[in-house]
There are 2 protein chains.
Amino acid sequence: MKLQQLRCVLEIYRHGNHITSAAEALHTSQPGVSKHIHQLEVELGFPIFIRKRNHVIGLTEPGKEVLEIARRMMADTENLKHIREEFLSRDMGTLTIATTHTHARYILPNIIERFATEHPNVQLALHQGNPTQICELVEADEADIAVGTESPKSFPNLVKLPCFLLSRSIVVRVGHPLLRLKKLTLQDLANYPIITHDPASSGRWKVMTAFEKAGIKPNVISSAVDADICKTYVERGLGIAIVATITFDPTHDIKLRAIDAGHLFEQSTSFVTLRRNSYPRTYMLNFIHCLSERLTPNVVRPALAGRSLPADLVSKLQMLA
Amino acid sequence: MKLQQLRCVLEIYRHGNHITSAAEALHTSQPGVSKHIHQLEVELGFPIFIRKRNHVIGLTEPGKEVLEIARRMMADTENLKHIREEFLSRDMGTLTIATTHTHARYILPNIIERFATEHPNVQLALHQGNPTQICELVEADEADIAVGTESPKSFPNLVKLPCFLLSRSIVVRVGHPLLRLKKLTLQDLANYPIITHDPASSGRWKVMTAFEKAGIKPNVISSAVDADICKTYVERGLGIAIVATITFDPTHDIKLRAIDAGHLFEQSTSFVTLRRNSYPRTYMLNFIHCLSERLTPNVVRPALAGRSLPADLVSKLQMLA
DNA sequence: CGTGATTACGTTTATCGTAATTATA
DNA sequence: TATAATTACGATAAACGTAATCACG
C-alpha cells in the first residue's frame with residue numbers, strides 16, 4: 001500500500017468521482033491515477049469505487065471506510081511535515097483566522113492584542129465571511145481556525161469547540177419610545193421596522209425563530225451584512241436593530257441606546273473550529289486558550305483526534321472541561 | 001515520505017535503537033533501513049534519532065513526535081487491511097481474549113455463552129495471565145482484547161475502559177469463629193492465617209494496602225495463583241482466604257462460607273483493554289457491549305481514537321456514556 | 001579485530017507519462 | 001463523435017541487496 005494511492009482515492013472523491021480532474025490536481029497523468037486505484041483495490045481485496053462502464057459513480061460501502069482512514073493518514077503526513085516548524089520556532093509562523101464581522105470587530109481585537117503581545121513573531125491574518133464560509137476556509141486549509149457562530153451546514157472533517165455565548169440587544173435611537181417600556185416583549189418590537197443581520201448568519205435565524213414561535217410577524221425592513229451597517233440605519237431613523245450586545249459601544253454610539261433582549265432571544269454560541277486530526281502549532285492552541293479559559297491545549301488536542309462520528313460525545317466532553 | 005520509512009522508525013525504536021535487528025525484523029538489509037531513515041530525516045528537515053558516532057542512542061524530541069504519528073499511521077494501514085474481513089463477514093472470525101483466572105472462570109462464562117449464541121461463527125480463544133501479561137498480549141497483537149483488573153504497568157498504546165467493580169469476601173470453613181462475629185474488622189482477620197492471590201494481581205495489592213493503612217501486619221501464609229487454589233487451602237483448614245466475592249459459589253463450595261468484606265477493602269475495577277487507534281471488528285465491539293451495557297460501540301470507537309495523553313478526559317467521557 | 005552504521009554501486013522493480021484502445025452518452 | 005476510463009509500452013527513477021568502508025571499543 002502506498003500513500004500516493006490513498007491520495008488518489010481522496011482526490012477522486014474530492015473531485016466528484018472524476019479521475020481526470022483528480023489527476024490534474026495531483027499533477028500527474030490520468031492512467032497513473034486509474035492504475036493506483038486498481039492496485040489498491042486488488043491489494044485490499046474489494047472495490048473502493050462503484051463504476052458504471054467507463055465512469056466512476058461513487059464509493060462502495062467499504063470504500064467509505066477506506067476514505068475515512070485515508071483522510072486521517074493524509075492528515076498525519078501533514079502533521080509530520082509541521083513538526084519541524086513547531087520545533088524550530090514554537091512562537092513563529094502565521095496564524096490565519098477566518099471569522100465573522102461581529103467577531104472580527106468586537107470580540108477578537110482584545111484577544112488579538114493580548115495574543116500579539118505574547119507572540120510578537122506570529123504573523124496574523126484575518127479572513128472574513130459568514131459562519132459557513134469561514135468553516136469552508138478552514139476545511140480548504142486556507143485558514144488555520146475559524147471563530148464564529150454555528151453554521152447551518154455540518155462539516156464532518158472539522159471539530160467545533162464552543163467558546164462563549166453571545167447575547168442580543170435591541171439598539172434604538174436616543175429618545176425612542178421603547179426606552180420607556182419596563183419589560184420589552186416581542187410584540188413591542190413588532191410595532192417598529194426591524195433591521196437585522198443577513199440570512200446567512202445564525203443570529204438572524206435565532207431571531208426569526210423567536211418571532212415565529214410567538215406567532216408574530218415582525219416587520220423586517222432590511223437585512224444588513226453586519227452590525228455596523230445595522231447601527232448606521234438605526235441612527236438614520238430607519239428602524240430598530242436586533243444585534244449582538246457586544247456590538248453596542250456606549251462611548252462611540254452616542255446617538256444610540258441598547259436594551260438587553262436576553263429574555264426574548266436565545267443566546268448564540270460562538271465556536272472555534274479546526275480541522276479534525278490536525279496537530280495545531282503551539283501558538284494556535286495558545287490563541288484558542290485566549291478565546292476561552294476552558295479551552296486549554298490539553299482539552300483541544302484530544303478533541304481533535306478521532307473519527308468523525310462522535311459529534312454528541314465530543315460536545316459532552318467539551319462541556320466537562 | 002514513504003510508509004516503509006515510518007515502518008523503519010518504529011522498528012528501530014522497538015528494537016532498542018538497533019538498526020541491524022530492525023532490518024532483520026523488516027526482512028531487509030541494514031543499509032536499506034539506514035538509508036530510509038536518512039531520507040526521511042532530510043525530507044522532514046530534522047534528525048529523528050540521536051546518534052553517537054556509529055550508534056543510535058535514542059530519539060530526539062521531534063523524533064518522539066514522529067514516532068507517535070508513525071505509530072498511528074501504521075495502525076491505520078492495519079485498519080485498512082481489516083476492512084475487507086469486516087465487510088465480507090461481519091460475524092465471522094476469531095476473537096482472542098486475554099484474561100485473568102478470576103475473570104475466565106467466574107465472570108466470562110456467562111458473557112461468552114451469550115456472545116457465542118449471538119455470534120455462532122466467531123471462533124473464541126482464551127489466553128490466561130496476570131493483569132500485566134494480558135495487556136502485553138494485546139500490545140503484541142497476540143490477543144484482540146484483555147479483560148482483567150488494573151495493571152501496575154502503564155501501556156500508552158492501549159486504551160483501558162472500565163467495565164465493572166469486583167468486591168471482596170472472606171472465605172472460611174463452615175463453623176469458623178469469624179462467622180459468629182457481627183461486623184468483621186481487619187484486626188479480626190489478622191488473628192488467622194491468610195491465603196490470598198499472588199503478588200502480581202492487583203487484588204493482592206489492594207488487600208495489603210488496607211492492612212498497611214490500618215497498621216496491622218496480617219499473617220499471610222500463602223500466595224496462591226488463583227481463587228480456586230485459595231479455596232482449596234481454606235477447605236483443608238490452612239487458613240482464611242480473601243478473594244473476589246464472585247469466586248464463591250454457594251452451591252459448589254458446600255464446605256465453605258463467604259463473609260462480605262466490602263467495608264474492609266477497596267473494590268477493584270475490571271477493565272477491558274484494546275489497542276489505541278484500532279478499528280475493532282463489529283463482533284469485538286459486541287463482545288465488549290456484553291461485558292458492560294455502558295460500553296456501546298459508539299462509546300468504544302471514539303475512545304480508541306486519538307493521542308495517548310488524554311487519560312483523564314477519556315475516563316470522563318466513559319463516565320458519561 | 002568484532003560490532004555496527006554508512007557509503008558505493010549494480011541489479012531489479014515499480015512508477016510515470018505518452019500513446020493507443022475501448023466503451024459509452 | 002466527444003468524453004472518460006482502461007490497457008500497452010517505453011523511459012525514468014527509486015528501492016533493494018551485496019560489497020566495501022569507516023568508526024569505535
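Chain identifiers are assigned alphabetically (A, B, ...) following the order of the sequence lines, protein sequences preceding nucleic acid strands; residue numbering begins at 1 within each chain.
- For the pair B:R51 CZ and D:dC24 C1', the computed distance is 16 Å after rounding to whole Å.
- In this structure, B:L40 atom CG and D:dA14 atom P are separated by 16 Å, rounded to whole Å.
- One can place CG of A:L26 at 10 Å from P of C:dG17, the figure rounded to the nearest angstrom.
- The side chain of A:H36 has C:dC16 as its nearest neighbour among D:dA5, C:dC16, C:dG17.
- Rounding to the nearest 0.5 Å gives a distance of 10.0 Å between CD of B:E150 and OG1 of B:T132.
- Note that CD1 of B:I145 is 11.5 Å distant from SG of B:C135, once rounded to the nearest 0.5 Å.
- Within the nucleic acid shown, A:Q5 has no heavy atom closer than 4.0 Å to any nucleic acid atom.
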Inset, instruction - List the steps, then state whether side-chain hydrogen bond (donor to acceptor under 3.5 Å, both in side chains) holds for B:R71 with B:N157. - result: CA-CA 9 Å; B:R71 236 198 283 271; B:N157 296 314; 3.2 Å; yes
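- Terminal axes of the helix from C:dC1-D:dG25 to C:dA25-D:dT1 (five pairs each, C1' rotation axis) are separated by 20°, to the nearest 10°.
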Inset, instruction - Decide salt bridge (Lys or Arg N to Asp or Glu O under 4.0 Å) for A:E43 and A:K2; before the verdict, give the C-alpha distance in whole Å, the side-chain angles of both, and the deciding distance to 0.1 Å. - result: CA-CA 11 Å; A:E43 181 174 349; A:K2 302 274 139 51; over 6 Å; no
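- Residue B:S34 is the one, among A:H27 and B:S34, whose nearest nucleotide of DNA chain C lies closer to the 5' end (criterion: closest heavy atom).
- Looking at A:T94 and A:Q123, their side chains never bring a donor and an acceptor atom within 3.5 Å of each other.
- Between C:dT6, D:dA4, D:dG17, one nucleotide has an atom nearer to the side chain of A:H55 than all others, and that is D:dA4.
- Between B:M1 atom CE and D:dA15 atom P there is a gap of 13 Å when expressed in whole angstrom units.
- When heavy atoms are screened at a 4.0 angstrom cut-off, B:T20 is found touching the sugar-phosphate backbone but no base atom.
- Rounded to whole Å, the distance from CD1 on B:I37 to P on C:dT6 is 9 Å.
- When each of C:dC16, D:dC16, D:dA15 is scored by its nearest atom to the side-chain atoms of A:K35, the top-ranked nucleotide is C:dC16.
- Taking the side chain as every heavy atom from C-beta outward, B:F46 and B:V66 approach each other to under 4.5 Å.
- Closest approach to the A:P31 side chain among D:dA4, D:dA5, C:dA19 is made by C:dA19 (side chain taken as heavy atoms from C-beta onward).
- A straight line from NE2 of A:H38 to C1' of C:dA14 spans 17 Å, rounded to a whole angstrom.
- Taking side-chain N and O atoms only, B:S29 has no distance below 4.0 Å to OP1 or OP2 of D:dT18.
- Here B:K2 lies in heavy-atom contact (under 4.0 Å) with sugar-phosphate atoms only.
- In this structure the side chain of A:V56 never reaches within 4.5 angstrom of the side chain of A:I50, judged on heavy atoms.
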Inset, instruction - Let me see the working for A:N277 and A:L304 under side chain to side chain contact (heavy atoms under 4.5 Å, CB included), right down to the final yes or no. - result: CA-CA 5 Å; A:N277 289 319; A:L304 295 179; over 6 Å; no
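- Heavy-atom distances to DNA chain D give each of B:Q30 and B:Q39 a nearest nucleotide, and the one nearer the 5′ end belongs to B:Q39.
- Rounded to an integer number of Å, the gap from CZ of A:F49 to P of D:dA4 is 16 Å.
- To the nearest angstrom, C1' of C:dG2 lies 12 Å from NE2 of B:H18.
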